[in-house]
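For reference, the structure discussed in these notes is given below.
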Number of protein chains: 4
Amino acid sequence: MQVTKTARKPGRALTPEERQTKTQQLLDAALDVFLERGFEAARLDEVAKRAGVAKGTLYLYFASKEALFEDLIRSLIASPIQEVGQRMLAQDIPAEMMLRGLLNWAKKEVLGTRRKDIARLIISEAGRFPELGAFYHREVISRGTAVIRAIVTRGVERGEFTSDALDRFPQLLIAPVLVGIIWNGLFSHVETLDTDGLLDVHADLIIRGLKGGAA
Amino acid sequence: MQVTKTARKPGRALTPEERQTKTQQLLDAALDVFLERGFEAARLDEVAKRAGVAKGTLYLYFASKEALFEDLIRSLIASPIQEVGQRMLAQDIPAEMMLRGLLNWAKKEVLGTRRKDIARLIISEAGRFPELGAFYHREVISRGTAVIRAIVTRGVERGEFTSDALDRFPQLLIAPVLVGIIWNGLFSHVETLDTDGLLDVHADLIIRGLKGGAA
Amino acid sequence: MQVTKTARKPGRALTPEERQTKTQQLLDAALDVFLERGFEAARLDEVAKRAGVAKGTLYLYFASKEALFEDLIRSLIASPIQEVGQRMLAQDIPAEMMLRGLLNWAKKEVLGTRRKDIARLIISEAGRFPELGAFYHREVISRGTAVIRAIVTRGVERGEFTSDALDRFPQLLIAPVLVGIIWNGLFSHVETLDTDGLLDVHADLIIRGLKGGAA
Amino acid sequence: MQVTKTARKPGRALTPEERQTKTQQLLDAALDVFLERGFEAARLDEVAKRAGVAKGTLYLYFASKEALFEDLIRSLIASPIQEVGQRMLAQDIPAEMMLRGLLNWAKKEVLGTRRKDIARLIISEAGRFPELGAFYHREVISRGTAVIRAIVTRGVERGEFTSDALDRFPQLLIAPVLVGIIWNGLFSHVETLDTDGLLDVHADLIIRGLKGGAA
DNA sequence: GATGAATGAGCATTCATTCAT
DNA sequence: AATGAATGAATGCTCATTCAT
């Protein structure tokens, strides 16, 4: 009954780290449950149980179910995209390699981790959390598109690319990442999709497209 | 949304068409509500109100909330994709034109109609309705990929295309359609995306990629 | 769909006999359903279906579910008890034989027919239909006890019986009938009770008791 | 009925006794309502109100309305019958006195307590709860009949009784108890029945029957 | 007279939230 | 700080009753 994960202390004040740790435990549990059930169907009972605390304790850390969900998403959206982009741009390598680097990073750091699940959660629920959509756009999407544009612009300036397609629609670069995320969320039991292969082929194709001679 | 208050008749037997019409009204209302709220948060009260009937009436047409949802999806998935594909393949036009034709069809018939909403609904909810995912895959996805493969294969055979990328990953052709659907579902208030332009540029880019010389 | 039991006549007036017949059909169906489910759990849908009419038709014959139930019970309580009693008393036979005759009649005409089911229905539901209880008491119980008392009084007067026990508590004569009804309603699947044997032994025992010498 | 408003405590863990007490309060309230209305017509709102708790609280103690009902019956059926029987058989008294003892016990401990109400509830509802019927038969009926048979057998062996009627049909001993229960449930407003007198006379009569000379 | 589609009040059950301990 | 029993509004679903045809 008493889950003794973290030494139960009915006692006194919490150090900031303790509070931080507990918050993280709750968020971890919440992520599991929200991923499995979706926002509405997720039960706080379940979250509390998995975190090894009483249901009431949740309310010491989050004001409501909605707040828990939003805090969770926010905490997960730390966007390392910009960092990768900067790293790419800092190197003296062809723009082609930068784009490939970005996609490889997506393979490893998005499709290969829980980030894909978070993305799916956002895609599924953000419709009902407009602020969250805005937040995600600001923190992730706009930064991502900026990076892509920077790379493509450089590629065009350097004469590597003949097309500015990705400057106008940087979404085209990451579209297959989305497909990979959604496909494996919906159809993995019916027909698996080799997302690594997908992105490799995509890279080849798009690079050819960007470089290509006459259309 | 638009309650067309079809003269309330407690009375006589319904002709099949009347029943059909009423069913459709209910499904229309249901689509609105499911789209706005998601499956769990959707209230049958709301569906009934928008359809201009009493709550109990819903149960004369659908056995349960879940049945309503599934019937809704099924009714909307009549997949005309195959038909377009056949039409394309039947013509004596370059494979390139076929692919462009497909994307133009998507612009008009998916992104330009409620089909995009259905897709979004499926993306959001199919995780909790595995059968629905399978059904959608069977009725829509697998047919769509088959059509794409047929076109690409012909293009390669005729020497139009040098790459079989889309034969291996036909998902790459429709990935931007997905992006368009999701983007406008999530970020339309923040940054609109010109999906028509997106698909046009995508078409150009991918065609160049498929035809392109050395990668 | 169209049950053609009784020539469907959407047309005009009903003769009294037709109305009578239809009423009886509805009551028959109602009895079945009330017996199977009890008053509350009985569904008028079911009654209508079994009677081969539409649900609305029920309301042409009975004002409400409650009225249907009460009419049903009333129609079933035609009490032949008094008649049997009169017949017994009219004969010039020992009081003992009269009592045995009464119990034999109960074996055949109560335990051997649907009357036992009706009794069980009344026992189960009359708590919530006080008028019905009063009605049943007046029509059946009080007549039954009167008959028993008349017989016993005669037996005592004639010197056949030394005890007036049944005059004070005529219920004692029919108690085993009740037991038989209830037992087979509740425990027949677990342990069957030979109600005929029960009543035979009861007759012997009670006669001996009524006649017996010093207790 | 009597809301004893046990100081509302949203707080701390309940001791087993507290839980036990609360459970009992709920069961008491439930018994009242089920008796007044029957299973189907009983409203959990009403049960909760009478117990002085919120409706949701019921579900902390019972999984469903059906579970509440079954737990209620089970909790009330603790059968002390066997115990009385053993006590009787242990004494060195005539079998006649044992039977009288049994009936006196029934007067006091069944007809004089809520046990009579439970019996009535079972009689009314067990038709739709077959398991309950089986349970009641196993826990109460079969034990009761065993006790009666043991007493009668001894009486016959000792030469007290000349009839084995009750060995064949022990139900005959308790039949008037049933009559008493049902009568007062249905007709008490119309004609009261002196159940004590009923059972006294029954005792005399049946003893005479069991002892009596030639029938 | 008969129909049966429509109604809507009513109920069992769930679950986010509160708060005394 | 933590607990978890208690709450009660909210919701899916049922079914007796009505009434236009």
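Heavy atoms only: backbone and side chains are in, while hydrogens, waters and symmetry mates are out. Proteins come first, then strands; the chains are lettered A, B, ... in the order of their sequence lines, and each starts at number 1.
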Y59(A) OH to dA20(E) C1': how many Å, rounded?
-> 18 Å

Ranking dA2(E), dA6(E), dA6(F) by distance to the side chain of T57(C), first place goes to dA2(E)

In whole angstrom, give the distance that lies between atom CG of L58(B) and atom C1' of dT14(F).
-> 13 Å

Donor-acceptor pair (no angle test) under 3.5 Å: K55(D) side chain, dT13(E) base = yes

Using whole Å, report how far CG of D45(C) lies from C1' of dT3(E).
-> 13 Å

Indicate, with a heavy-atom threshold strictly under 4.0 Å, whether A48(C) touches base, sugar-phosphate, or nothing.
-> nothing

Qualifying residues under side-chain contact (heavy atoms from CB on, under 4.5 Å), relative to Q24(C), sequence neighbours excluded = Q20(C), L27(C), D28(C)

May I ask you to list the residues of residues 33-41 of chain C, by number, that have any heavy atom positioned under 4.0 Å from an atom of DNA chain E?
-> none

Walking DNA chain F from its 5' end, the first of G56(D) and G56(B) to be reached, judged by nearest nucleotide, is G56(D)

Kindly point out which of dG4(F), dT17(E), dA2(E) is positioned nearest to the side chain of A54(A)?
-> dG4(F)

Shortest non-hydrogen contact from E40(D) toward A41(C) = OE2-CB, 3.6 Å

Sidechain N-carboxylate O distance under 4.0 Å for E18(D), K22(D) = no

Can you give the dot-bracket line for DNA chain F, using ( ) for pairs inside the strand, [ ] for pairs that cross earlier ones, | for pairs with another strand and . for unpaired bases, where Watson-Crick and G-U count if both distances are under 3.5 Å?
-> .||||||||||||||||||||

Just call it for R19(B): base, sugar-phosphate, or nothing, with non-hydrogen atoms closer than 4.0 Å on any strand.
-> nothing

State whether the distance check finds a donor on one side and an acceptor on the other, under 3.5 Å, for side chain K65(C) versus base dT17(F).
-> no

Determine, for E36(B) against R50(B), whether the closest basic-nitrogen to carboxylate-oxygen distance falls under 4.0 angstrom.
-> yes

Under-4.0 Å side-chain N/O to phosphate OP1/OP2 contact, Y61(A) with dA2(F) | yes

OP1, OP2 of dG10(E) versus side-chain N and O of R43(D): anything below 4.0 Å?
-> no

So what does A42(D) touch, heavy atoms closer than 4.0 Å: a base, only the sugar-phosphate, or nothing?
-> sugar-phosphate

Nearest heavy-atom contact between I122(D) and L186(C) is O-CD1, 4.0 Å

Whole angstrom is fine here: how far is it from CG in L60(D) over to P in dC15(E)?
-> 13 Å

With sequence neighbours left out, the residues meeting ring pair (Phe, Tyr, Trp, His ring centres under 6.0 Å) with F129(A) are F39(A), F69(A)

Selection from dG12(F), dT7(F), dT13(E) that lies nearest to any side-chain heavy atom of L44(D) = dT13(E)

Who pairs with D117(A) by side-chain contact (heavy atoms from CB on, under 4.5 Å), at least two apart in sequence or on another chain?
-> L35(A), R114(A), R120(A)

Does the side chain of K65(A) come within less than 4.5 Å of F34(A)'s, by heavy atoms?
-> yes

Which donor-acceptor pairs under 3.5 Å do the side chains of residues 52-59 of chain D make with protein atoms, sequence neighbours left out?
unit_1 : atom_1 : unit_2 : atom_2 : d
T57(D) : OG1    : A54(D) : O      : 3.4

